[in-house]
Asker: 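Once you've had a glance at the structure underneath, I'll fire off some questions.
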Amino acid sequence: MRHLTDEVLNVAIVGTGPRGISVFERILANLTAEPEPSSVRIWLIDAVELGAGRIWRTGQEACFLMNTVVGEISMFSGVSEAEPSRPGAGPSFQQWLRTQPDPALSGLGRDDYAPRYAYGRYLRYVYDVVLRGASGLGEVVEVAGKVTSLREDGDSYELRVSTADDELTVTADAVVITTGHGRAELSEQQSELARFAQDRPELRYFSGDSAADLGLASVAPGTAVGVVGLGLSFYDVLMSFTIGRGGKFKESVGGAMFYVPSGNEPSVVASSRTGLPIHSRGRNQKGVTDRSAPKFLTSAAIGRLRERNVAQRGNPALDFDRDVAHLLHAEINYVYYTTQARTQHGPERADAVGAELLALGPEPESWPEVAWRHGLQDVELVDLDHLSRPFQGKRFASGAGLIAEVRRIMRADIVEAGQGNVDSPLKAALDAIRDSREVLRHAVDFGGLTPRSHRGDFLGRFVSRTSLLFTGPPLERTAQFLALIDAGVLEVVGPDVVHGCDAERGRFFLESPAVADSRKHCDVLIDSRIPTAGLTRNTDPLMRQLVDERMAVGFTHATTEDRFETGALHITPAERRVIAADGRPHRALYALGIPTEGACWFTQIGNGRPGVQTSFSRDADVIALSLLRRAKSNAFK
């Protein structure tokens with residue numbers, strides 16, 4: 001066992017995916033700006049790939065795509081046209097792609113979606129730039145290994161790291177946990193399915209991880225495969241089984257997409273709660289800074305609501321349905337109505353409609369009269385519940401009837417997505433949800449909602465439904481989905497899917513109670529839904545040890561009436577310092593990103609935006625400044 005430490009400021013960053021790199025970059029950028037920079041040693045620790053992490057590792061299949069267009073991505077916290085790149089300023093993802101020798105990457109445009117491995121390579125580039133920027137400011141130690149424990153040792157922290165060759169002990173003055181997506185323990189039902197497969201060598205069960213980590217290559221061609229969940233990771237599974245095995249998507253003379261099988265594909269049946277795949281993102285028509293300016297759901301409005309709640313009830317916590325949802329509903333429909341006016345009658349009519357809606361205020365129920373008065377045809381309020389669950393209450397006499405309805409809905413979605421996120425009234429309106437995320441965080445983060453409303457109204461209903469509408473894949477994936485149905489490679493079971501073990505047949509099954517005779521049997525079952533591991537189900541030994549030894553505790557929302565255990569690491573809002581079970585914030589133990597999901601919302605964002613100060617880079621800067629400020633005041637010693 002080796003033990004390493006000395007008198008310089010030692011900072012350990014656990015996890016070197018996007019969040020870890022962002023903290024690394026901001027530490028070096030801030031040090032560079034200091035007239036008398038502190039001397040540091042930064043330990044960079046990653047169990048999979050240093051500088052890329054697990055999710056973005058560079059050895060993935062090319063068919064796994066990002067979910068953000070190329071032009072909206074940067075890992076540098078500032079923009080610089082000059083060379084060389086440095087901590088704090090460097091090329092965006094799009095600028096970097098143009099320099100790549102591979103034409104498949106260099107030819108990607110602003111509104112294209114890049115392979116995930118390409119983003120991993122960009123992360124490695126940023127990582128290497130920051131490594132070079134550390135020269136003269138201190139030392140960087142790279143450790144390829146897994147942190148298995150972290151304990152306080154007087155005025156420092158002791159990390160045990162398991163590597164391929166040794167077990168290393170690192171002593172650090174400060175630790176930043178940016179470990180990203182953790183793997184969750186199997187649920188009771190998942191354990192039952194896994195045991196069922198274990199007892200039958202001809203069956204396989206996969207769950208709880210990204211497609212790149214499931215071992216899908218072991219599934220033989222022609223195997224009957226069931227997939228539960230039709231979200232983003234479903235598409236990764238589907239592409240791995242098709243493009244990844246030599247299949248080709250082509251376009252007919254009329255422009256329709258069709259699939260040419262390689263013969264290596266399994267036969268896939270799939271379904272979900274909605275019975276439909278996640279909707280396509282609208283073709284991007286926005287520049288990096290082209291976001292809908294909020295009209296109703298603003299930070300100022302959230303502040304006023306909190307002040308009202310304090311005056312009325314002595315508690316600033318919001319009720320999402322009562323206080324926030326109607327403002328977001330107004331934002332969505334404001335964009336919808338004004339886009340309808342612009343596309344039907346021109347920009348002047350859009351300005352007139354917008355002015356009248358603003359005068360009426362955030363009460364969309366009164367807005368259809370405005371649409372009628374301005375000659376807008378067939379314009380009704382956007383119904384998020386219907387859009388997210390169009391099969392609610394419907395019954396199908398046959399699978400053919402279901403597929404016909406799936407085709408109709410998905411073809412309409414392709415048309416809307418093709419019009420773009422500015423020119424399609426529907427896609428522009430749904431993009432308003434994406435544009436409102438920063439304000440929604442202001443309303444939700446760190447106990448901003450009541451426990452009941454956070455658990456039920458926000459996560460249970462709003463997030464679970466609307467995420468299907470605005471976080472989807474590029475529209476080509478939806479066209480490929482339909483092409484695979486046409487080719488007989490893919491079947492859809494129906495909504496409210498039930499899956500389990502058929503002991504009599506010795507196989508797995510999927511079926512929909514909404515579709516007659518829908519039961520399908522399969523020999524491989526894949527649960528493509530990726531749960532948030534949280535603290536209670538996390539298999540990561542570091543997270544387990546922190547909780548077991550009371551060094552960390554979950555963020556719990558509690559009032560005298562209700563209690564909601566979010567499963568997130570409890571951290572301080574100001575500096576993101578981890579809070580121990582006794583309520584004490586750690587001196588210098590920080591956490592950022594996925595481990596804090598629940599205390600914060602939508603932490604899975606893995607990039608900043610060129611020239612725009614988003615919460616991604618701001619959060620990293622908060623930690624970097626806290627570290628350096630405390631170093632200057634000798635708070636670590």
Side-chain angles (χ1 to χ4, degrees), residues 15 17-30 53 55-56 66-80 85 87-96 110-111 113-114 119 122-123 126-127 129-130 176 178 180 281 284-294 297-300 302 328 331 421 431-446 448 463 467 470-471 571 573-576 590-597 599-626:
R19 293 285 187 174
I21 294 172
S22 67
V23 174
F24 182 34
E25 193 247 14
R26 289 311 305 158
I27 291 173
L28 268 298
N30 282 298
I55 300 301
W56 304 106
M66 300 186 70
N67 193 40
T68 303
V69 294
V70 161
E72 292 185 349
I73 298 169
S74 183
M75 272 299 299
F76 286 100
S77 53
V79 177
S80 175
S85 303
S92 68
F93 186 37
Q94 183 181 3
Q95 291 169 328
W96 176 83
R110 184 195 73 170
D111 301 324
Y113 293 81
Y119 187 53
Y122 173 65
L123 291 175
V126 177
Y127 177 86
V129 166
V130 183
V176 187
T178 53
R281 289 275 297 277
N284 187 53
Q285 298 175 295
K286 296 180 177 180
V288 174
T289 58
D290 295 339
R291 293 290 179 265
S292 300
L297 182 60
T298 64
S299 292
I302 296 300
L328 180 59
E331 291 290 346
N421 59 4
D431 220 46
I433 304 174
R434 188 166 176 259
D435 292 347
S436 299
R437 285 193 305 223
E438 290 281 347
V439 182
L440 284 172
R441 290 191 190 99
H442 181 52
V444 172
D445 287 359
F446 298 105
V463 171
S467 61
F470 77 95
T471 62
I571 56 173
E575 294 183 305
R576 272 47 179 180
Y590 303 82
L592 190 61
I594 296 292
T596 68
E597 181 70 32
C600 307
W601 176 58
F602 217 83
T603 60
Q604 58 266 45
I605 291 175
N607 60 272
R609 286 168 44 207
V612 179
Q613 284 297 307
T614 66
S615 59
F616 178 82
S617 55
R618 287 199 306 269
D619 289 348
D621 200 48
V622 161
I623 292 177
L625 288 172
S626 175

Asker: Inspect the contact between Glu72 and Arg434 and indicate whether a charged nitrogen and a carboxylate oxygen are less than 4.0 angstrom apart.
Answerer: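 Salt bridge: yes.
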Asker: Looking at residues at least two apart in the chain, or sitting in another chain, which of them share a ring-ring contact (aromatic ring centres under 6.0 Å, His included) with Phe93?
Answerer: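 Testing Phe93 for ring-ring contact (aromatic ring centres under 6.0 Å, His included), a comparison that skips the adjacent residues, returns Tyr119, Tyr122.
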Asker: Let me confirm one number: the CZ-CD1 distance from Arg19 to Ile623, rounded to the nearest 0.5 Å.
Answerer: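 These two atoms lie 9.0 Å from each other.
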Asker: List in chain and number order the residues that pass side chain to side chain contact (heavy atoms under 4.5 Å, CB included) with Val622, two or more places apart in sequence or in another chain; answer none if no residue qualifies.
Answerer: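 In terms of side chain to side chain contact (heavy atoms under 4.5 Å, CB included), with neighbours along the sequence ignored, Val622 is linked to no residue.
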Asker: Taking all heavy atoms of Ala89 and all of Glu25, pick out the closest pair and write down the distance.
Answerer: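 Here Ala89 and Glu25 meet closest at N-OE2, 4.1 Å.
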Asker: So, for Pro91 and Phe76, which heavy atoms are closest and what is the spacing to 0.1 Å?
Answerer: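 That would be O-CD1, 3.3 Å.
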Asker: Contact between Arg281 and Tyr113 at the side-chain level, heavy atoms closer than 4.5 Å - yes or no?
Answerer: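 Counting from C-beta outward, Arg281 and Tyr113 do come under 4.5 Å.
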Asker: Is there a side-chain contact (heavy atoms from CB on, under 4.5 Å) between Thr596 and Arg576 once you walk through the steps?
Answerer: CA-CA 9 Å; Thr596 68; Arg576 272 47 179 180; 6.0 Å; no
Asker: Pick one: which of Arg437, His442, Glu438 meets side-chain contact (heavy atoms from CB on, under 4.5 Å) with Ser615?
Answerer: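 Going through the options one by one, the only one that passes is Glu438.
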Asker: So, taking the atom named CG in Leu592 and the one named OG in Ser22, what distance separates them when rounded to the nearest 0.5 Å?
Answerer: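 Going from CG on Leu592 over to OG on Ser22, the span is 6.0 Å.
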Asker: Testing the 3.5 Å rule here: is there a donor-acceptor pair between the side chains of Glu331 and Ser436?
Answerer: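 Glu331 vs Ser436: no donor-acceptor pair found between side chains.
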Asker: For Asp435, check salt bridge (charged side-chain N to carboxylate O under 4.0 Å, His left out) against everything at least two apart and list the hits.
Answerer: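 Per chain and number, Asp435 pairs via salt bridge (charged side-chain N to carboxylate O under 4.0 Å, His left out) with Lys286, Arg291.
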Asker: Going through the distances and angles, do Gln94 and Ile73 end up as a side-chain contact (heavy atoms from CB on, under 4.5 Å)?
Answerer: CA-CA 7 Å; Gln94 183 181 3; Ile73 298 169; over 6 Å; no
Asker: I need the Trp96 CH2 to Ser85 OG distance, nearest 0.5 Å.
Answerer: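 With rounding to 0.5 Å, CH2 (Trp96) is 12.0 Å from OG (Ser85).
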Asker: Looking at every heavy atom in both Ser626 and Tyr590, which two are closest together, and how far apart are they?
Answerer: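 That closest heavy-atom pairing would be OG-OH, 2.7 Å.
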Asker: Less than 4.5 Å apart, side chain to side chain, heavy atoms only: is that true for Phe446 and Ile571?
Answerer: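 Of all side-chain heavy-atom pairs linking Ile571 with Phe446, at least one is under 4.5 Å.
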Asker: Could you state the interatomic distance from CG (Leu297) to CD1 (Ile302), rounded to the nearest 0.5 Å?
Answerer: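 It is 5.0 Å, given to the nearest 0.5 Å.
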Asker: Who pairs with Gln613 by side chain to side chain contact (heavy atoms under 4.5 Å, CB included), at least two apart in sequence or on another chain?
Answerer: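 Residues passing side chain to side chain contact (heavy atoms under 4.5 Å, CB included) with Gln613: Ser617, Arg618.
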Asker: Calculate, to the nearest 0.5 Å, the distance between atoms CH2 and CZ belonging to Trp601 and Arg441 respectively.
Answerer: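 If we round to the nearest 0.5 Å, Trp601:CH2 and Arg441:CZ are 6.5 Å apart.
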Asker: Can you list everything that forms a side chain to side chain contact (heavy atoms under 4.5 Å, CB included) with Asn30? Sequence neighbours excluded, please.
Answerer: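 Asn30 satisfies side chain to side chain contact (heavy atoms under 4.5 Å, CB included) with Arg26, Asp621, Ala624, Leu625, Leu628 only.
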Asker: Verify side-chain contact (heavy atoms from CB on, under 4.5 Å) between Val70 and Arg110, making sure each step is shown before the conclusion.
Answerer: CA-CA 5 Å; Val70 161; Arg110 184 195 73 170; 5.9 Å; no
Asker: For a side-chain contact (heavy atoms from CB on, under 4.5 Å) with Pro18, tell me which candidate from Val126, Leu123, Ile55, Asn607 qualifies.
Answerer: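 Output: one option passes, namely Leu123.
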Asker: Side chain to side chain donor-acceptor pair (under 3.5 Å) with Asn284: which residues, sequence neighbours excluded?
Answerer: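 Listed in chain order: Asp111, Asn421.
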Asker: Distance check, rounded to the nearest 0.5 Å: Ile605 atom CD1 versus Thr614 atom OG1?
Answerer: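 If we round to the nearest 0.5 Å, Ile605:CD1 and Thr614:OG1 are 7.5 Å apart.
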